[in-house]
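Since the structure is predicted, the reported quantities are computational estimates derived from the model, not experimental observations. Remember, it's 1-based here, ligands and their atoms both numbered in the order they're listed.
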Amino acid sequence: MQYLANAKPKGAAIPSGLQDLLLAVVNTCTALSDEVAQGALIGLLGSAGSGNVQGEVQQKLDIIANDQLIAGVKDCKALAGLASEEMELPLPVQGTGDYLLLFDPLDGSSNIDVNVSIGTIFSILKKQAPQAPLQTADFLLSGRHQVAAGYVVYGPQTTMALTLGDGVVMFTLNQATGEFVLIHDAVTIAHSTKEFAINMSNMRHWAEPVRRYVEECLAGTSGTRDKDFNMRWIASMVADVHRVLSRGGVFMYPWDQREPHKPGKLRLMYEANPMSFLVEQAGGASINGTKVIMDLQPTDLHERVSVMLGSKDEIDRLQQYHS
Ligand code: AHM
Ligand code: MG
């Protein structure tokens, strides 16, 4: 991928170890894109009959994508270790090194079998003590420590969004050559929007500020917002966030009282943080209600978080409703 060799985020070339790691992730996602496209033809659909550490049923593709990402990055010299939604504990790679990789290998698992967009989300952290042997605690860094983050969405097109901390770029996979081609060099999210995304079937369980926000959107021109809103819910965070990056909007998966002890459904370290990094770098905002997600100090690799992200004016409004 020529882009990685030429890019100069914040005026400096991407360190070679980080280039190698990003290239390994991109190459694995290129192969996954091809497999996802074949689905049932190569026996990829259906449940694996197992569960992950979060107590969720694993699909065959969850496990395949996880295994392939591990195989794809295991020779990266600068990668100390990795952590995944599908594994309880981190996996040492070199043990020492500059970088830590976190990923949701296959996001949107409930959409695999129905041929709706799914994807891979990744986050790369700078290891604080590169020479010290890897420990789980090394991963527990706030989103501000990310040096790169992105996703690949396997949809009608395979598209990747990437940030290296200096804006957001987008690529589409040329299926004929296997190359990701740059399609946007400065993705920006408009501050204002008329579109929101939330699973409305949970409405009766929401907290008051979220209910108020959505009720005001639903009231449209007859309410205080004085404009009509549109709603979308794909149930793949990758695809919903891709829409927000592409044409603005708000994406929410808030805390709700179905499981009151859980802060939310989505995972902080490999879903919310990388998406928040992309959204902030595109001029949007991302909060858990009261706090900025990238500032949260994680205490557990698999911790969950309430997520509200997208167009800045709407996120400011949501934060005000929560304060
Ligand atoms: P997954 O990582 O197991 O696929 O779960 C995360 C997904 C998100 O992509 C999506 O926003 C959400 O779960 C959809 O949840 P729901 O089915 O409750 O609407
Ligand atoms: Mg996910």
Considering only non-hydrogen protein atoms, determine which one is nearest to [atom] and report residue, atom name and distance to 0.1 Å.
atom                    : answer
atom 13 (O) of ligand 1 : K265 NZ, 3.0 Å
atom 5 (O) of ligand 1  : R267 NH2, 3.6 Å
atom 18 (O) of ligand 1 : Y253 OH, 2.6 Å

Are a donor atom and an acceptor atom from the side chains of [X] and [Y] found within less than 3.5 Å of each other?
X    : Y    : answer
S123 : Q146 : yes
Y321 : E216 : yes
N174 : E179 : no
T221 : D228 : yes

### Query
Considering E56, M237, E85, which one's heavy-atom position lies nearest to atom 8 (C) of ligand 1?
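Going through E56, M237, E85 one by one, M237 has the nearest heavy atom to atom 8 (C) of ligand 1.
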
### Query
Among N199, V238, N52, I121, whose heavy atom sits nearest atom 19 (O) of ligand 1?
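Comparing heavy atoms across N199, V238, N52, I121, the nearest one to atom 19 (O) of ligand 1 lies in N199.
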
### Message
Between W233 and F251, does the ring pair (Phe, Tyr, Trp, His ring centres under 6.0 Å) criterion hold? Intermediate values first, please.
### Response
CA-CA 9 Å; W233 185 249; F251 167 88; 5.5 Å; yes

N/O separation below 3.5 Å, [X] to ligand 1:
X    : result
G108 : yes
L266 : no
E271 : yes

For ligand 1, which atoms sit closer than 4.0 Å to a heavy atom of [X]?
X    : result
D104 : 2 (O)
S236 : 9 (O)
F251 : 11 (O)

### Query
Parallel, tilted or perpendicular: which describes the rings of Y3 and F171, with under 30° parallel and over 60° perpendicular?
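Judged by the thresholds at 30° and 60°, the geometry between Y3 and F171 is perpendicular.
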
#### Entry: Check against salt bridge (Lys or Arg N to Asp or Glu O under 4.0 Å), R144 and E280
CA-CA 11 Å; R144 297 277 166 225; E280 276 196 19; 2.9 Å; yes

### Task
Step by step, work out the side-chain hydrogen bond (donor to acceptor under 3.5 Å, both in side chains) result for N230 and E195.
CA-CA 5 Å; N230 185 28; E195 196 161 65; 2.8 Å; yes

### Message
Between the side chains of K265 and E56, is the shortest nitrogen-to-carboxylate-oxygen separation below 4.0 Å, so that they form an ion pair?
### Response
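Salt bridge absent between E56 and K265.
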
#### Entry: Test item: T193 side-chain N/O and G249 main-chain N/O as donor-acceptor pair under 3.5 Å
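Yes: the side chain of T193 pairs with the backbone of G249.
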
### Query
Near the Mg ion (ligand 2), which protein N/O/S atoms are found at less than 2.8 Å?
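Protein N, O or S atoms closer than 2.8 Å to the Mg ion (ligand 2): D104 OD2, D107 OD1, E271 OE2.
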
### Message
Among E208, R317, E314, which residue satisfies the side-chain hydrogen bond (donor to acceptor under 3.5 Å, both in side chains) criterion with Y213?
### Response
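When side-chain hydrogen bond (donor to acceptor under 3.5 Å, both in side chains) is applied between Y213 and each of E208, R317, E314, only E314 qualifies.
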
### Task
Establish, yes or no, whether the cationic atom of K126 lies under 6.0 Å from the six-membered ring centre of Y99 and within 45° of the ring axis.
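That pair qualifies as a cation-pi contact.
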
### Query
Looking only at heavy atoms, is any part of S109 under 4.0 Å from ligand 1, and if so is it the side chain, the backbone, or both, or is it neither?
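The answer is both.
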
